[in-house]
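Heads up, the thing below is written out as structure tokens.
Numbers for residues simply follow the sequence, beginning at 1. Because the structure is predicted, anything quoted here is derived from the model rather than measured.
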Amino acid sequence: MSTPAPEVPKHLPQPRNPAAELSEDDRELEALGYVPSFKREFSNLATISFAFSIMGLCSSIATTFNTPLLLGGPASVTWCWLLGACMCFTLGSSIAEIVSAFPTCGGLYSASAMLCPKGSRARVGWVVGWLNILGQVAGVSSTEFGLANMIWAAVSLATDGSFVVTQGMVVGLFAGLLCLHGVLNSLATRYLAHLTKGFVFVNLGTTALIIICLLAKTPRSEMHPASYVFGSEGIVNQTGGWNTGIAFLFGLLSVQWTMTDYDATAHISEEVRRAAYAAPAAIFIAVIGTGVLGWILNVVVVLCSGPLEDLPGTSGSAFLQIMAIRLGKPGALFLWSFVCLTAFFVVQTALQANSRTIYAFSRDRGLPDRLFFGHISRTTQTPLRAIWLNTFIAILPGLLDLASPIAANAIFSLCAIALDSSYVIPIILRRLYAHHPDVQFKPGPFYMGDGLLGWGANIVCTLWTAFICVIFSMPNVLPVTADNMNYASVITVGVIVLSGAWYMIDGHRHYHGPRSNLDDADTVGIITDGLEGSKDSKEDVQEADVETSVV
């Protein structure tokens, strides 16, 4: 008769069930140097839904539709989306192959440091980490800010503009919505996965309904001709001073802001089943689907838009005004509620992804927090502290609206500049140090190879990112004043300079790039409640002969 194993004290991590072997995903994660700390509850459907939801499609287009339409004209809406979507496809596919090789919640931040020589890993990881966090915070903030404005736009339309919306009301709703998302993100992973599964159907269904209803309710005689939708008749420069070419290119903001945050799926890869396959596949599918359906939606909305001089109308949203003209107020407001719901889903997924990035950066000692935010709650098995840090930080950019509504719009450009810059760095490093002895790039299941396809996609997306960073750094209207200045580039450079100074002064003391926590004495404190700073962490674990893992 076998002797039962001694009971492990409750204050220590409990041993695995011997029958429950590590999954292939967890073995891969341990090979990359990390203890599996999350439950893998995201199925293929939930992962694809997450990738679609982070882009938002109809809500993201509705939020940014004013920029291309009112700066470059209707033709800018259609052609800039098509051009930008093709370029985003090269960037998305380049990111997907890196995510497939490094399926960790650090995403491209962790991959960047692993794709360069050891002597540069800390500096590269530090810069990419802060750029990525900055871009994701701006993405959460700008989407929530856009959602608040969308809700107030519906109120203005319903009251024929008699209800006066103040900047304080916009910021107050914005902050309240962010806190609500913080609460929802505090749910356990299994609930987040179940919740996420339905996002894609609302997203795509709303887009399809808008397209069908606009085409059905617009008389053929009132539809614009092809020369207005695609030709020179649709190029209308309303920038106040920029030449027509620059005004036309400002239309790229809509597609670049919509089709970004590709690596969000990577940040939940430690919660995804078969992550090396599912995460890159979800990115690839979402980029193609969003690009194609987004272009069709833009073409239909412009086709049915009515006179340009009547836009953006009393609501301040040209997209909503066009729906009201064609569908009437009740129909427009009914569909608009689903557009707002889609935007709500974008923030939900973006906040989840960003909190995992903050968790990973803290886990690697990138924050001076003594691993405080690199903590996984035993109750929910989610990084609650990182979630609420992200929530409160994301409120700060929205406060710009109290100073200047135009300055607040910089967070839209900031999101694209910071995120896309953090994306091309690992893409460049992968090619630059492909044969360096310190770099061990092991291609994942999604791999474009070292031939013309792989090189072509990498080069095109790098050049394109450099180009759009210049475009998005320019003020949208002339003459430039303190109120209409585009502060996106200023904020981005400021964060890079300040974080660089911080690294030289203090960061280099505790941050040495992504680091393994497999044999870390503090691992117990990272993944369980109430053990931070405990002197008996590693010794007690070894004595009890248990593994420091929660999976």
Side-chain angles (χ1 to χ4, degrees), residues 22-42 47 50-51 54 95-116 121-122 124-126 128-129 131-133 136 189 261-283 352-367 371 373-376 381-383 386 422-423 425-427 429-430 439-447 511-520 523 526-527 548-551:
L22 278 175
S23 68
E24 182 65 31
D25 288 301
D26 290 339
R27 282 195 293 270
E28 180 66 26
L29 186 60
E30 288 195 345
L32 292 172
Y34 294 110
V35 171
S37 302
F38 295 89
K39 283 189 175 181
R40 296 188 181 273
E41 302 280 4
F42 275 74
T47 307
F50 186 96
I54 201 74
I95 289 170
E97 70 173 353
I98 294 178
V99 169
S100 184
F102 301 99
T104 75
C105 65
L108 297 187
Y109 143 68
S110 297
S112 297
M114 297 177 186
L115 290 171
C116 64
R121 285 179 182 174
V124 170
W126 184 271
V128 174
L131 268 177
N132 197 259
I133 289 174
Q136 288 192 69
T189 302
D261 211 359
Y262 311 96
D263 71 327
T265 309
H267 295 306
I268 66 162
S269 60
E270 293 183 30
E271 301 165 76
V272 172
R273 301 168 195 160
R274 301 180 74 247
Y277 295 86
I283 294 172
Q352 182 181 349
N354 196 8
S355 64
R356 274 51 174 178
T357 309
I358 293 174
Y359 159 79
F361 205 42
S362 174
R363 179 177 65 181
D364 292 334
R365 311 301 201 275
L367 300 177
L371 300 175
F373 295 108
H375 172 275
I376 297 294
Q381 288 198 268
T382 57
S422 73
Y423 295 159
I425 292 175
I427 293 171
L429 292 175
R430 187 178 100 63
V439 178
Q440 306 273 325
F441 178 74
K442 177 185 174 183
F446 185 95
Y447 183 52
Y511 181 75
H512 306 289
R515 60 192 300 280
S516 172
N517 65 354
L518 290 175
D519 299 316
D520 196 334
T523 298
I526 297 173
I527 61 175
T548 55
S549 174
V550 295
V551 177

How many angstroms lie between atom CD1 of I268 and atom OG1 of T189, to the nearest 0.5 angstrom? 9.5 Å
With Y511 via side chain to side chain donor-acceptor pair (under 3.5 Å) - residues at least two apart: Y109
In terms of side-chain heavy atoms, does Q136 have a donor or acceptor partner in H267 at a distance below 3.5 Å? yes
All heavy atoms of A278 vs all of T47, minimum pair found to be O-CG2, 3.9 Å
Side chain to side chain contact (heavy atoms under 4.5 Å, CB included) evaluation trace for R273 with E41: CA-CA 7 Å; R273 301 168 195 160; E41 302 280 4; 4.0 Å; yes
Show me the pairs that pass salt bridge (Lys or Arg N to Asp or Glu O under 4.0 Å) and involve residues 95-115, at least two apart or across chains. E97-R430
Counterpart residues, side chain to side chain contact (heavy atoms under 4.5 Å, CB included), relative to A266 (two or more places apart): V99, D263
By side chain to side chain donor-acceptor pair (under 3.5 Å), which residues pair with S100, not counting sequence neighbours? none
E271 and R356: salt bridge (Lys or Arg N to Asp or Glu O under 4.0 Å), yes or no, with the steps? CA-CA 10 Å; E271 301 165 76; R356 274 51 174 178; 2.9 Å; yes
Please round to the nearest 0.5 Å and tell me the distance separating atom CD1 of I358 and atom CG of L367. 7.5 Å
What residues form a side chain to side chain donor-acceptor pair (under 3.5 Å) with T104, not counting sequence neighbours? none
Between P280 and A96 the two heavy atoms that sit nearest each other are CB-O, 3.3 Å
For R274, all residues meeting side chain to side chain donor-acceptor pair (under 3.5 Å), sequence neighbours excluded: none
Any side-chain heavy atom of F38 sitting closer than 4.5 Å to one from Q381? no
If you round to the nearest 0.5 Å, how far is OG of S110 from CG of D364? 5.5 Å
Give, for atom OG of S422 and atom CD1 of I95, the distance between the pair rounded to the nearest 0.5 Å. 7.5 Å
Should the heavy atoms of other residues, nucleotides or ligands under 6.0 Å from OH of Y447 be counted, would the total exceed 12? yes
Least distance between heavy atoms, A275 atom then S269 atom: CB-O, 3.3 Å
Which heavy atom of F42 sits nearest a heavy atom of Q352, and at what distance? CZ-NE2, 3.5 Å
What verdict does the side chain to side chain contact (heavy atoms under 4.5 Å, CB included) test give for V439 and M114, after you've listed the backbone C-alpha separation in whole Å, the side-chain angles of each residue and the deciding distance to 0.1 Å? CA-CA 7 Å; V439 178; M114 297 177 186; over 6 Å; no
Exercise: identify the closest heavy-atom pair between G366 and W126: O-CZ3, 3.4 Å
Using atom types as modelled and distance alone, determine if a side-chain donor or acceptor of T357 lies under 3.5 Å from a backbone N or O of A353. yes
Quick check: do L115 and V124 have side-chain heavy atoms less than 4.5 Å from each other? no
Does some side-chain heavy atom of P103 sit less than 4.5 Å from a side-chain heavy atom of E28? yes
Can you confirm whether F446 sits close enough to I283 that some side-chain heavy atom of one is under 4.5 Å from a side-chain heavy atom of the other? no
Would you say R363's side chain and G374's backbone share a donor-acceptor pair under 3.5 angstrom? no
I'd like to know if the side chain of R40 reaches the main chain of V272, judged simply by a donor and an acceptor atom lying under 3.5 Å from each other, with no hydrogens or angles considered. yes
For the CZ atom of F441 and the CD1 atom of I98, what is their distance to the nearest 0.5 Å? 6.5 Å
Considering all heavy atoms of both residues, which atom of A386 and which atom of S355 are nearest to each other, and what is their separation? CB-O, 3.4 Å
Hey, are the side chains of V35 and E30 touching, using non-hydrogen atoms and a 4.5 Å cut-off? no
